[in-house]
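Written below as structure tokens is the structure these notes are about.
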Amino acid sequence: MAHNPMGTDPSDSENDPIFNATTQKRNVVDPRTGLFEAFIPLPSIVGNDGSGPVFEMGLHCAPTFNNLFALGDGCFFGLTTYSTAHNRLTLHSGEVLNIKKGIDPDPQNDAVNVSWFNNQLTVMRKDTRHEVLELLDNTGIYVPKILTTYNPDLKESKNLYFTWTSTPHVIEGKTYYQLQLTGITDSTKRNLLKIEYTPPRPIHRRPLGQSRLCSGLMMQLKPSPTRWHLKITPCSPLPSGILTKPPWSIWTIRCVVGC
């Protein structure tokens with residue numbers, strides 16, 4: 001199978017990633033298999049003039065994950081999602097619950113309460129974190145629409161609102177969708193984050209046996225008085241988690257591969 005934007009290959013088995021199930025944020029390589037985990041911290045998004053909620057923008061990388069979020073092969077945000085194809089709810093912290101669409105679990109999980117209403121999936125945790133997920137277009141994936149933290153002392157909630165788009169890719173006759181987070185606002189309608197996705201940079205091949213340093217994924221974080229602007233430029237090769245930091249507001253992830 002030729003390289004494709006989704007990063008799928010014949011051994012995918014419908015993309016069954018091993019994702020941070022112990023909530024660890026680490027950089028490690030298994031010397032027995034060569035598999036790796038990488039975590040790249042990015043500034044958190046804090047809504048409502050510091051009152052919350054807080055959305056962590058840290059980037060996870062693992063070779064067992066495809067390019068679902070258009071961040072480059074193996075890279076993804078820690079987001080709560082629900083797959084209708086697999087009846088699988090993946091929490092932002094990595095735990096996975098098997099639930100059926102439209103049916104509330106009975107009994108409920110002690111730590112996480114899940115309920116359906118008007119084709120929306122609500123995920124409530126004991127730490128007052130509440131998420132409302134909606135189906136994104138025809139992707140078959142529910143993604144966060146609202147993130148809420150509830151303050152019982154003030155008897156009020158503060159929200160973050162997420163906007164998304166999807167991009168279809170036809171691979172060997174089957175349609176796959178990339179899910180792209182495009183922005184975040186809060187209850188005051190203030191824009192906190194805008195994400196711009198740019199086409200992959202072209203790769204110039206070198207003779208076999210030669211390697212060079214090439215851009216794997218470039219993310220530019222530009223602060224402004226009202227929001228962060230994140231510009232993402234993926235590259236075909238799988239990033240190996242080597243991180244450099246050019247002048248203060250621009251982070252660049254680079255990979256060393258035989259290009």
Side-chain angles (χ1 to χ4, degrees), residues 4-8 12 14-17 19-20 45 47 53 55-60 65-104 112 114-125 129-148 159-171 173-187 189 191-200 219 227-228 230-232 234:
N4 56 75
M6 293 297 298
T8 59
D12 257 357
E14 293 298 332
N15 181 22
D16 189 14
F19 160 46
N20 194 24
I45 303 298
F55 175 66
E56 293 189 6
M57 290 287 296
L59 194 66
H60 299 265
F65 196 86
N66 289 340
N67 193 14
L68 178 64
F69 294 107
L71 299 171
D73 289 354
C75 297
F76 52 97
F77 293 125
L79 288 162
T80 299
T81 59
Y82 175 73
S83 168
T84 57
H86 301 96
N87 292 323
R88 184 171 60 202
L89 175 66
T90 302
L91 302 178
H92 79 284
S93 49
E95 298 85 354
V96 175
L97 302 176
N98 291 318
I99 64 173
K100 294 183 178 180
K101 182 180 178 181
I103 301 177
D104 295 349
V112 182
V114 179
S115 60
W116 293 91
F117 183 73
N118 285 344
N119 201 32
Q120 291 182 330
L121 178 60
T122 301
V123 180
M124 297 181 291
R125 305 184 67 134
R129 179 188 176 102
H130 295 179
E131 296 169 279
V132 177
L133 278 61
E134 278 194 344
L135 182 64
L136 178 60
D137 303 329
N138 298 318
T139 64
I141 303 292
Y142 282 72
V143 295
K145 178 186 178 183
I146 303 173
L147 171 62
T148 299
N159 299 334
L160 291 180
Y161 300 93
F162 298 78
T163 56
W164 296 82
T165 188
S166 63
T167 302
H169 298 283
V170 179
I171 303 169
K174 184 176 180 179
T175 302
Y176 297 82
Y177 292 89
Q178 282 182 324
L179 317 179
Q180 295 167 299
L181 177 65
T182 57
I184 299 177
T185 59
D186 63 11
S187 298
K189 302 187 183 304
N191 290 318
L192 303 176
L193 175 71
K194 178 183 177 182
I195 300 182
E196 176 187 351
Y197 297 83
T198 60
M219 306 174 67
R227 69 185 180 196
W228 287 90
L230 177 60
K231 185 176 181 181
I232 298 173

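The first residue of the sequence shown is numbered 1, and numbering continues consecutively from there. Computation of the quantities below employed the complete heavy-atom set of this structure, encompassing side-chain atoms and omitting hydrogens, waters and symmetry-equivalent molecules. The structure displayed is predicted, hence computed values, not measured ones.
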Could you tell me whether the side chain of [Y] reaches within less than 4.5 Å of the side chain of [X], counting heavy atoms only?
{"X": "D186", "Y": "L192", "result": "yes"}
{"X": "Y142", "Y": "T84", "result": "yes"}
{"X": "Y197", "Y": "L181", "result": "yes"}
{"X": "I184", "Y": "Y161", "result": "no"}
{"X": "E95", "Y": "L91", "result": "yes"}
{"X": "L59", "Y": "F77", "result": "yes"}
{"X": "L160", "Y": "I146", "result": "no"}
{"X": "V123", "Y": "L89", "result": "yes"}

Quiz item: With a 6.0 Å cut-off on ring centres, are H169 and Y176 close enough?
Solution: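 No, the ring of H169 stays outside the 6.0 Å limit from the ring of Y176, centre to centre.
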Atom pair [atom1] ([X]) and [atom2] ([Y]), whose distance is rounded to the nearest 0.5 Å:
{"X": "L79", "Y": "F76", "atom1": "CG", "atom2": "CZ", "answer": "10.0 Å"}
{"X": "T165", "Y": "L136", "atom1": "OG1", "atom2": "CG", "answer": "7.0 Å"}
{"X": "I45", "Y": "L193", "atom1": "CD1", "atom2": "CG", "answer": "4.5 Å"}
{"X": "I141", "Y": "T81", "atom1": "CD1", "atom2": "OG1", "answer": "6.0 Å"}
{"X": "W116", "Y": "L133", "atom1": "CH2", "atom2": "CG", "answer": "8.0 Å"}
{"X": "K194", "Y": "T185", "atom1": "NZ", "atom2": "OG1", "answer": "14.0 Å"}

Quiz item: For D104, does its backbone N or O pair with a side-chain atom of S115 as donor and acceptor, under 3.5 Å?
Solution: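 A pair under 3.5 Å: no.
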Quiz item: Do W164 side-chain atoms and G183 backbone N/O form a donor-acceptor pair below 3.5 Å?
Solution: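 No, W164 side chain to G183 backbone: no donor-acceptor pair under 3.5 Å.
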Exercise. Write down the atom of N87, the atom of K100, and the distance for their closest heavy-atom approach.
Key: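 Smallest interatomic distance, heavy atoms only, reads OD1-CA, 4.1 Å.
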Under 3.5 Å, is there a donor on one side chain and an acceptor on the other for [X] and [Y]?
{"X": "N159", "Y": "T148", "value": "yes"}
{"X": "Q178", "Y": "S166", "value": "no"}
{"X": "R125", "Y": "S93", "value": "yes"}

Self-check item: Residue list, ring pair (Phe, Tyr, Trp, His ring centres under 6.0 Å) with F55, at least two apart or on another chain
Solution: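 Here the qualifying residues are F162.
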Practice problem: Just jot down the side chain to side chain contact (heavy atoms under 4.5 Å, CB included) partners of T163, sequence neighbours excluded, or say none. | Solution: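 So T163 forms a side chain to side chain contact (heavy atoms under 4.5 Å, CB included) with T182.
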Quiz item: Can R129 and E131 be counted as an ion pair, charged N to O under 4.0 angstrom?
Solution: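 Looking at E131 together with R129, the answer is yes, because their closest N to O distance falls below 4.0 Å.
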